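Presented below is the structure to which this report refers.
Since the structure is predicted, the reported quantities are computational estimates derived from the model, not experimental observations.
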There are 2 protein chains.
Amino acid sequence: MATRQKTGRPTLTREDLADATLRLLEREGPGGLSMRKVAAEVGVQAASLYWHVQNKEELLDLASDALWEGLEPEPPGAVAAGDDWRATVAEASRRLRAHLLAHHSAVRVLAGRFAPGPRALAPMERLLATLRGAGFSGPDAANAAYTLSTWVQGFVIHEAVPMSAAEERGATPEQASEEARQRLAALPADRYPHLVELAGEISGPGMDTRFEFGLARLLDGLERLRGTGGD
Amino acid sequence: MATRQKTGRPTLTREDLADATLRLLEREGPGGLSMRKVAAEVGVQAASLYWHVQNKEELLDLASDALWEGLEPEPPGAVAAGDDWRATVAEASRRLRAHLLAHHSAVRVLAGRFAPGPRALAPMERLLATLRGAGFSGPDAANAAYTLSTWVQGFVIHEAVPMSAAEERGATPEQASEEARQRLAALPADRYPHLVELAGEISGPGMDTRFEFGLARLLDGLERLRGTGGD
DNA sequence: ACCTGAACACCGTTCAAGT
DNA sequence: ACCTGAACACCGTTCAAGT
């Protein structure tokens, strides 16, 4: 009894499994994930998953691709064409960061699977279009897009991991960053003079500022490559 | 019988456990890791690990910190002081990438744990020293170091994951990147014109070129912030 | 202080069997 | 074509007990 028909959908999709995995990850955190629980989440026995998916590995790959779902394109009207490629790229980067951060628990688990899946294609295409429209050559646009997206993802991993870890321990991000600051400040000043001096700057949590800093440097570097630098 | 004394070392260190975990990860790949196997690797029963470590989570954190071991400082004499901060930072970045890539299997598993542990302190201190020596303010140096290291780590994750995944399937990196290229080239050209056009550039495997591209952009952006742009 | 043996609840995966 | 039940080998973790 209690077969799947009650959901109304004819059969289980691989997408359904990916979504269920992501949902479970957000709800129970890392470690709360198992084939049996994913199966339960979609109303089926664990063994049934192996009809749709080869193994857990493949399920996690599907989930990591599903992470791109819901990343909205920046509104095209909000930004002028031509020379304002900087604003467009900046906005896309900020949206990507915010989107991934909204799934920080999943990011922590899926970080080791960041590889471009089918759902990452559309955002990548948009970024390439912006860059080519700004006058970058094909290879430069490809390299620039790669640099930007690896940076944003690396940034978010570093942001999401302590966030998710602190959450598990029941601490706020502020508490966690204050602890980090104290650890740095307590270091031997003769061996680590700069870490001690800059403990406050290093341990955040001015993450927005830090993101904008990196973004601005990257865009400046790209602008210089592009040849002209004025507005 | 067969107690630990035969190794000569008095007792098991947390460092020993971290090293054993890393060794196991490299040797058996992701999925070949278990408390029982780590215990066997150090010649002990699984239950004994819980004397040294709270749980598997903590063991993996130790291992992710051990990943920084063996990262050699760039030779100070190889690079002139003062204005050649670019060369020093570039060399440090290349060394970090090479070092992490030499542990790509571990990187794939530990990617979701990239947070600064005790062994990451020395490299970070060196980077900060270089940047401050180049004239960056404290906050700028802290932000620049953060940007650089998140980027390198994000880059390496994207490089290591397909590498390690291909290895598991018994394919070479070249085969894997050729497959990726074909998948991109086969996309509908009306929806993804740029991805199709740039399939070759995007799927690599010109990873060295791509790394140098990102590094150059980042350094250019930092140089501009620093104020002057000559040599 | 450090390690073992045995146990518990749970896990990923397979496979013959059902519809 | 899709799902189940039962089974297998293995897992993380606890805990009383040993030395």
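Look at B:H52 and you won't find any side-chain N or O under 4.0 angstrom from OP1 or OP2 of C:dA1. Taking side-chain N and O atoms only, A:W51 has a distance below 4.0 Å to OP1 or OP2 of D:dC2.
Residues B:Q153 and A:H158 have side chains that bring a donor and an acceptor to within less than 3.5 angstrom of each other. A:R108 and A:S164 share a donor-acceptor pair across their side chains, judged by distance under 3.5 Å alone. At a cut-off of 3.5 Å, with distance as the only test, no side-chain donor of B:Q175 or B:E179 sits close to an acceptor on the other residue.
At whole-Å resolution of the value, CE in A:M35 and C1' in C:dC10 are 15 Å apart. Rounded to whole angstrom, the span from the CZ atom of A:R36 across to the C1' atom of D:dT4 amounts to 13 Å. Distance, A:L49 CG to D:dG5 P: 14 Å, rounded to whole Å. In this structure, the CD atom of B:E57 is 9 Å from the P atom of D:dT13, given to the nearest Å. The nearest whole Å value for the distance from the NZ atom in A:K56 to the P atom in C:dG12 is 4 Å. In this structure, B:Q54 places its CD atom 10 Å from P of D:dT13, rounding to the nearest Å. Atom pair B:L17:CG and C:dC2:P shows a separation of 12 Å (rounding to whole Å applied). Atom-to-atom, CD of A:Q45 to C1' of D:dC3 comes out at 9 Å; the value is rounded to the nearest Å.
Between A:Y146 and B:F155, the distance separating the two ring centers is shorter than 6.0 angstrom.
Looking at heavy atoms from C-beta onward, B:S34 lies out of side-chain contact with B:K56 at the 4.5 angstrom threshold. When side chains are defined from C-beta on, A:L215 counts as touching A:W151, because their heavy atoms get closer than 4.5 Å.
Checking C:dT13, D:dC3, D:dG12 against every side-chain atom of B:Y50, the shortest atom distance belongs to D:dG12. Of the listed nucleotides (C:dT13, C:dC11, C:dC3), C:dC11 has the atom at the smallest distance from the side chain of A:K37. For B:L12, taking side-chain heavy atoms from C-beta onward, the closest of the listed nucleotides D:dC15, C:dC3, D:dC2 is C:dC3. The side chain of A:S34 has C:dG12 as its nearest neighbour among C:dT4, C:dG12, D:dA1. Nearest nucleotide to the side chain of B:A47, out of D:dT13, C:dG5, C:dT13: C:dG5.
Taking the charged nitrogens against the carboxylate oxygens, A:R97 and A:E159 do have a contact shorter than 4.0 Å, which makes a salt bridge.
For DNA chain D, if you chain together Watson-Crick or G-U pairs that step i with j, i+1 with j-1 and so on, the runs of at least three with distances under 3.5 Å are C:4-8 with D:12-16, C:12-16 with D:4-8.
Looking at heavy-atom distances under 4.0 Å, A:S48 makes contact with a base.
Summary of the strand contacts: A:L33 and B:A46 both lie near DNA chain C, and taking for each the nucleotide with the nearest heavy atom, the more 5' one is attributed to B:A46.
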